[in-house]
Amino acid sequence: MTRVRFAPSPTGYLHVGGARTALFCWLFARHTHGTFILRIEDTDFERSSEDMVSGILEGLRWLGLEWDEGPFYQSQRLDLYRATADRLLANGSAYYCFCTREELEQRRAAATAAGVPPRYDGRCRNLPTADAARRVAAGEAAAIRFRIPDSGTTAFEDAVFGRVEFANAELEDFVLLRSDGVPTYHLSVVADDIDMRMTHIIRGADHLSNTPKQVLLYNALGASLPVFAHVPLILGPDKTRLSKRHGATSVLAYKDMGIVPEAFRNFLALLGWSPGEAARQADGKEREIFSTAELVEMFSLEGMAHSNAVFNNEKLAWFNTEYIRAYAPERLLPLIEQEWQRAGFVPSRSREDILAGIALLQQRTRSLTDFAMTFRAYFSDDYPTDEAAVAKFLADPSTLGLLRELAVRYRTLTPFSELSTEELLRAFAAEKGVKPGVLINGARVLLTGQGVAPSLFAVMVYLGQQRVVQRLSAGATAGI
RNA sequence: GGCGCUAUCGUCUAGGGGUUAGGACGUGAGAUUCUCAAUCUUAAAACACGGGUUCGAUUCCCGUUAGCGCUACCA
């Protein structure tokens with residue numbers, strides 16, 4: 001039974017890199033019928049906040065990455081870390097360090113200036129245990145440091161990168177427990193991962209270099225190693241690590257941009273991971289669109305790339321349009337309703353009509369936000385008219401007069417169908433000696449408030465005879 | 001600086017000792033049209049560089065270069 005965790009630090013929102021790591025963890029857990037655990041690493045009290053925690057949870061829920069256990073908060077498990085540090089102290093793997101932050105900073109600066117690697121100099125490493133214990137008992141502030149073996153190498157087998165080896169001499173005696181008793185990252189992750197019986201550690205490749213320290217900790221604690229799997233990072237278009245200056249990096253920002261969560265998930269899954277030949281179809285082409293079930297079915301650590309990937313907004317937009325087009329209107333409706341709520345828009349048509357409207361529009365929409373902004377005329381009689389569209393298609397004042405005349409003809413048209421409305425319009429255009437396109441484009445602006453819309457006659461049928469007549473004749477009186 | 005990881009079209013990637021190096025997004029051209037998409041056809045586009053190993057390297061090895069990561073009493 002596999003157990004994997006996603007362990008974000010609430011010092012920021014859930015960014016796309018973290019979201020993808022969470023997705024991989026979740027995919028792995030589901031694929032192996034294992035357990036997906038959520039753990040909040042909030043031991044940096046200064047920078048962590050509850051708002052960030054709720055934002056992270058919201059982002060995970062939006063992506064549909066439900067967790068089986070947790071969320072656990074490290075801030076509530078301080079006793080475990082203290083006890084773990086004590087064990088390490090007792091077996092000689094750790095020692096008290098009385099150096100102050102200021103002293104350390106000074107020495108670091110000096111070492112850097114001298115061109116020497118700024119590692120902890122081991123000053124407190126060989127203090128007699130009894131002395132150290134006495135000083136601590138006397139109330140002197142002390143951190144607890146891990147004792148790195150002074151020779152040899154530490155190696156581990158990464159499920160993605162293969163065997164990775166580090167010389168112990170490159171590692172420093174890092175702090176396990178700060179002088180205020182709060183653990184440092186390395187201690188808390190390892191203590192928790194052991195305590196929570198994690199079998200696989202799937203995390204960003206930025207932790208690859210941290211891993212030997214943690215391997216040493218597992219050893220010192222007599223625990224067996226989990227499988228480490230480091231996943232390559234996501235970069236911005238300039239190939240530097242993705243950050244705020246690349247624009248939206250919070251997953252919730254993508255929600256606000258009208259991205260369908262499954263589309264985002266599909267896109268993210270294929271960034272740094274590939275199903276390989278499994279995606280090949282009979283015609284030789286390779287699929288890119290995969291349902292959640294398919295993703296779960298195909299996912300494996302073997303398909304993971306070794307190099308970083310650039311986040312490609314255009315491709316995300318493509319996934320989004322594909323999902324919007326493929327989803328049944330009933331499935332799109334709740335997502336669209338959220339947009340309407342957010343925009344303060346209240347549709348005035350029946351649910352049945354709304355579903356028909358979605359069906360009419362979904363083939364040409366790129367973002368869920370379109371439904372709240374540019375498509376208002378389809379769901380309410382209260383809609384804005386785009387001035388650029390007026391300028392483009394209704395510049396000639398005579399067009400409005402013709403459309404008004406056309407409205408009169410439409411008033412008595414039976415049946416009012418796509419075929420009949422088109423026939424009538426074309427005959428009317430011929431009669432008046434104008435090109436049908438002029439009337440079609442003008443009518444489109446009046447009926448939808450936009451210069452862009454689905455086939456005009458389909459729109460007419462959707463809106464219904466009464467609305468068409470009303471909107472067509474209102475244009476002239478409104479003096480657009 | 002030290003250490004670690006990585007390197008296939010602009011981007012995401014498949015592939016792998018002998019291939020016309022495949023697909024997707026995007027881009028160009030054409031078709032269609034009622035606007036905009038979509039759709040269809042089509043085109044351009046890649047194995048970073050240098051050494052090995054080999055009959056033969058894009059593929060294996062080494063180096064160079066470049067990018068990224070780590071190098072805190074952050075995570």
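Labels below follow one simple rule: chain letters A, B, ... track the order of the sequence lines, proteins then strands, and each chain is numbered from 1. Note that the structure is predicted; figures quoted are calculated from it, not measured.
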Under 3.5 Å on both distances, the Watson-Crick or G-U partner of [N]:
{"N": "B:rA72", "value": "none"}
{"N": "B:rA37", "value": "none"}
{"N": "B:rG56", "value": "none"}
{"N": "B:rC47", "value": "none"}
{"N": "B:rU42", "value": "B:rG28"}
{"N": "B:rA66", "value": "B:rU6"}
{"N": "B:rU19", "value": "none"}

Self-check item: Residue whose nearest RNA chain B nucleotide is more 5′ - A:Gly284 or A:Val164
Solution: A:Val164
Self-check item: Pairwise 5' ranking along RNA chain B for A:Arg325 and A:Glu277, keeping only the more 5' one
Solution: A:Glu277
Exercise. Would you check if there is a donor-acceptor pair between the side chains of A:Arg325 and A:Gln363 at a distance under 3.5 Å?
Key: yes
Exercise. Assess the side chains of A:His246 and A:Asp238: does a donor N or O sit below 3.5 Å from an acceptor N or O?
Key: yes
Neighbour count >12 (heavy atoms, 6.0 Å) for atom [atom1], [X]:
{"X": "A:Gln281", "atom1": "CD", "result": "yes"}
{"X": "A:Glu431", "atom1": "CD", "result": "yes"}
{"X": "A:Glu387", "atom1": "CD", "result": "no"}

Practice problem: Specify the separation, in whole Å, of atom CD of A:Glu286 and atom P of B:rG22. | Solution: 11 Å
Exercise. Could you state the atom-to-atom distance from CD of A:Glu288 to C1' of B:rA24 in whole Å?
Key: 4 Å
Quiz item: Distance check: side-chain N/O of A:Lys285 vs OP1/OP2 of B:rA24, anything under 4.0 Å?
Solution: yes
Practice problem: Would you please confirm or rule out a distance under 4.0 Å between OP1 or OP2 of B:rC5 and any side-chain N or O of A:His306? | Solution: no
Flag the pair [X] / [Y] as yes when their ring centroid distance falls below 6.0 Å, and as no otherwise.
{"X": "A:Phe146", "Y": "A:Tyr95", "result": "no"}
{"X": "A:His186", "Y": "A:Phe174", "result": "yes"}
{"X": "A:His207", "Y": "A:Tyr185", "result": "yes"}

Quiz item: B:rA14, B:rA37, B:rU6: which one has an atom nearest the side-chain heavy atoms of A:Ser307?
Solution: B:rU6
Quiz item: Between B:rC5, B:rG26, B:rU35, which nucleotide gets closest to the side-chain atoms of A:Phe161?
Solution: B:rC5
Pick the [atom1] atom in [N] and in [M], then give their distance to the nearest Å.
{"N": "B:rU8", "M": "B:rC3", "atom1": "P", "answer": "24 Å"}
{"N": "B:rU71", "M": "B:rU19", "atom1": "C1'", "answer": "44 Å"}
{"N": "B:rU59", "M": "B:rU32", "atom1": "C1'", "answer": "45 Å"}
{"N": "B:rA7", "M": "B:rC47", "atom1": "P", "answer": "16 Å"}
{"N": "B:rU41", "M": "B:rU35", "atom1": "P", "answer": "22 Å"}
{"N": "B:rG15", "M": "B:rC9", "atom1": "P", "answer": "16 Å"}
{"N": "B:rU11", "M": "B:rG30", "atom1": "P", "answer": "27 Å"}

Practice problem: Scan nucleotides 68-75 of chain B nucleotide by nucleotide, 5' to 3', and note B when protein non-hydrogen atoms come under 4.0 Å of the base, S if they reach only the sugar-phosphate, - if neither. | Solution: SBSSSBBB
Quiz prompt | Under 3.5 Å donor-acceptor pair, A:Glu165 side-chain atoms to B:rG4 base atoms | solution = no
